[in-house]
Amino acid sequence: MSKFQMFDSVTLNQDIHLHSSGIAPQGTDGAIVEIFKDGEAYLVKLFGGWLKFTTEGDMIEASQDDPESFRDTLDVETLYPHQINPINAHQQSDKHKVKQQLLALLELLPEESILQVKDFTEFLCYKQQATSTSSKTDRPKVST
């Protein structure tokens with residue numbers, strides 16, 4: 001049985017040599033994006049620092065608190081269970097971090113899957129509205 005599930009947040013417990021060159025140091029955050037042979041290995045998207053685009057289109061370092069910032073992708077690597085640890089629920093509760101992880105994962109999906117994620121998110125919004133105010137029955141619309 002797999003120790004981790006798809007999209008679990010993990011952290012490296014050792015330095016990893018990247019295929020693209022360089023090293024991802026111990027403590028680097030990542031997300032499980034594929035599970036091999038019921039958890040014998042995992043494809044993990046590893047995240048770097050926070051970046052944002054300037055008005056000129058250049059990428060610069062940014063703060064995690066900047067609403068326009070996003071996490072840099074260091075690489076996507078095949079890792080083994082002994083190389084990664086789960087990030088506990090308390091660490092994952094940072095709403096901004098979770099949003100950034102979702103954005104990074106969306107980059108991996110084809111357009112059809114992204115539309116399914118959008119539909120599911122609209123459903124969750126509708127469900128939340130229905131439980132908080134029983135008088136509203138309109139499904140929220142998100143402009144595209």
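We're numbering straight along the sequence, starting at 1.
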Would you compute the distance between atom [atom1] of [X] and atom [atom2] of [Y] and round it to the nearest 0.5 angstrom?
X	Y	atom1	atom2	result
Ser113	Phe120	OG	CZ	14.0 Å
Asn85	Thr11	CG	OG1	7.0 Å
Leu12	Gln26	CG	CD	8.5 Å
Asp8	Gln101	CG	CD	10.0 Å
Leu108	Leu43	CG	CG	8.5 Å

Hey, does the side chain of [X] reach the backbone of [Y] with a donor-acceptor pair shorter than 3.5 angstrom?
X	Y	result
Gln83	Tyr80	yes
Tyr42	Lys3	yes
Thr28	Ala24	no
Arg71	Trp50	no
Asp66	Ser63	no

For the residue pair [X] and [Y], establish whether any side-chain heavy-atom pair is separated by less than 4.5 Å.
X	Y	result
Val10	Asp29	no
Leu102	Val117	no
Leu18	Ile23	no
Glu77	His17	no
Leu46	Thr73	no
Val44	Thr78	no
Lys45	Val76	yes
Asn13	Ile84	no

If we count only N and O atoms by modelled type, under 3.5 Å, do the side chains of Ser69 and Gln64 hold a donor and an acceptor together?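 There is no such pair between these side chains.
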
Would you sort out whether Asp75 and Ser20 count as a side chain to side chain donor-acceptor pair (under 3.5 Å), showing the intermediate values? CA-CA 7 Å; Asp75 209 341; Ser20 63; 3.0 Å; yes

Restricting to non-hydrogen atoms, name the atom on [X] and the atom on [Y] that form the minimum distance, rounded to 0.1 Å.
X	Y	value
Leu105	Phe7	CD1-CD2, 3.4 Å
Lys52	Phe70	CA-CE2, 3.7 Å
Ala104	Phe47	CB-CE2, 3.4 Å

Could you check whether atom NE2 of His19 has more than 12 heavy atoms from other residues, nucleotides or ligands sitting under 6.0 Å from it?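 No, the 6.0 Å shell around NE2 holds no more than 12 heavy atoms from other groups.
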
Tell me whether the count of non-hydrogen atoms from other residues, nucleotides or ligands lying under 6.0 Å of CD in Glu61 goes above 12.
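Atom CD in Glu61 is not packed in, count stays at 12 or less.
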
